There are 4 protein chains.
Amino acid sequence: MRVKKVSQGYSVSTKVAVRYAETDQMGVVYYANYFVWFEVGRNAYFQRIGYSYKALEEQGLLFPIIEASCRYLVPAQYEDQLIITTQLLAVSASRLSFLYSIFRDETLIATGQTTQAFVNRSTQRPVSLKKHYPKLWECLQKLLAGNSNGVVNNAREDFSG
Amino acid sequence: MRVKKVSQGYSVSTKVAVRYAETDQMGVVYYANYFVWFEVGRNAYFQRIGYSYKALEEQGLLFPIIEASCRYLVPAQYEDQLIITTQLLAVSASRLSFLYSIFRDETLIATGQTTQAFVNRSTQRPVSLKKHYPKLWECLQKLLAGNSNGVVNNAREDFSG
Amino acid sequence: MRVKKVSQGYSVSTKVAVRYAETDQMGVVYYANYFVWFEVGRNAYFQRIGYSYKALEEQGLLFPIIEASCRYLVPAQYEDQLIITTQLLAVSASRLSFLYSIFRDETLIATGQTTQAFVNRSTQRPVSLKKHYPKLWECLQKLLAGNSNGVVNNAREDFSG
Amino acid sequence: MRVKKVSQGYSVSTKVAVRYAETDQMGVVYYANYFVWFEVGRNAYFQRIGYSYKALEEQGLLFPIIEASCRYLVPAQYEDQLIITTQLLAVSASRLSFLYSIFRDETLIATGQTTQAFVNRSTQRPVSLKKHYPKLWECLQKLLAGNSNGVVNNAREDFSG
């Protein structure tokens, strides 16, 4: 897992090796599987900033996806070593969006976006991140700010203490 | 598999029963799996108008996805009996787009879109549907026209002879 | 969903149409996906005898898989219409086993087996089916008996009242 | 990817991090997904001994699975860091078998086996590995021998030159 700058702003990159299971009879990766890689990307993002998706769930915070999209530029193939680069796009009290770029070497092969809502696991109702998870909220705000001014270079040091 | 009108225009509906494999630990269907259902929907669409996706592939025509998106309105759950309604949205010489609506009973639980390119299997190059598959091209044009004027009621009778 | 005799004994058959998502770059169905079809088979089995897997879970009874196997005889292919035939193989107080046969037309293309334990959802501990779910236990015993003497012809009438 | 001794003999170990996509509503990994990890394991095995599964396919050698099984000892969970250890179990002119052990830290959570046939991609007919791929055949023979006498410590140096 390595951190690099995509355009401006903070991003987290992680690797996936394409599995045979992920291919289809066209000889390339089946389109739905890119969304699984996006999940791998945002999981890495949370871990990199000092949070665990799993731990957040156990504390009662769910992140159901409410919107997802992908543009497929070049087909991914079996045994490809891919880099998924994940960047925070927007955060509000009720939802957050990530932007993903998938690279094979220097080639951008796909881009995508997801939006997730914040939901309380017990009540299954929307929850305000700002109000109920102020530390995570603040951390995400700083990362967003870093996106626009390019200040953030190493989020772990700044945010996960 | 049944045909019904969604807004105006021609659409094909097909059923899926939610599998345990499709759920995740949030207790609902994992978001990437909706794209598999979209595939089930467009497969049904082609069959309904008298074409087989598989047969088209064997004739050398591939339909790689170049864009896909989904909006998740209500979570799908294990054992749900869902209806996927598929409608042709646009066709050009080089690509076609479908619109999907997923219903549980009368409730719309998700909507989505996909765009596919036309590719020659041997050359792996784009191919003009209009030029190389004129019959399918014409059929899709009529279905599109039907979308706007509501004329098409039973595509099978009209187009698959 | 239809009922037919496999060898002797009671079995439940259900259909699946092979999805593009289930294929791999060998041009046939990826081997792990047969286990998903087995799940479809045992879900149908429970429904046929008047039980819902989902409802049982909601009542606190989980059925984690502790053993699974498959023999692949003929590759399944995209758009195949398959029949999954499920038969109860064994039941004890702590576990049950199913036997699966997958057919394409008259051709047997795969066989498999799964064994599931009974676990209490709250405690995550083993639970005795005989003691805690006596009605289901009795029903399964009769189905097993039917396997050996060929008496059971239509389980729904006999057991799901 | 690291090499360690399982019982006696040569084995290759590789890591997987459990994905959210791989869980089901029981809150643990869905049973079919272990077979995907076995695939990751045997891919790593081939790479470790200097072969690429993908390259072999491109040379016309397919390895369809003809038998697969898994025993589930302890459920795998989201975000688990697992080690898949793969060992060659048997090789004949027409097929090969692998043995898999999945560990979470020191805990063995699942074991499994697969058997694959050798098939010529063009003819779709069985092919003798011994006759048509003598170098790979010999390499696998040495690895097998190493399993019984514990001689093989670092296959890469010995076999992939």
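Chain naming here is simple, since letters A, B, ... match the order of the sequence lines and numbering starts at 1 in each. Here the structure is a predicted model, which is why all the values come from computation and not from measurement.
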Residue part contacting chain A, namely of B:P75, when any heavy atom lies under 4.5 Å: neither
Under 4.5 Å from any heavy atom of chain A, what part of B:I65 do you find: side chain, backbone, both or neither? both
Does any pair with a residue in residues 26-38 of chain A pass salt bridge (charged side-chain N to carboxylate O under 4.0 Å, His left out), and if so which ones, sequence neighbours excluded? none
Side chain, backbone, both or neither: which part of A:L62 has an atom under 4.5 Å from a heavy atom of chain B? side chain
Do you know which of A:P64, A:A110, A:G27, A:C70 has the most heavy-atom pairs with chain B at a distance under 4.5 angstrom? A:C70
Just list the donor-acceptor pairs under 3.5 angstrom between chain A and chain B, please.
unit_1, atom_1, unit_2, atom_2, d
A:Q25, NE2, B:E57, OE1, 3.0
A:Y30, OH, B:E39, OE1, 2.6
A:Y31, OH, B:F35, O, 2.4
A:Y31, OH, B:R42, NH1, 3.1
A:F35, O, B:Y31, OH, 2.4
A:E39, OE1, B:Y30, OH, 2.6
A:R42, NH1, B:Y31, OH, 3.1
A:E57, OE1, B:Q25, NE2, 2.9
A:I66, O, B:Y72, N, 3.0
A:A68, N, B:C70, O, 3.0
A:A68, O, B:C70, N, 2.8
A:C70, N, B:A68, O, 2.8
A:C70, O, B:A68, N, 3.0
A:Y72, N, B:I66, O, 3.0

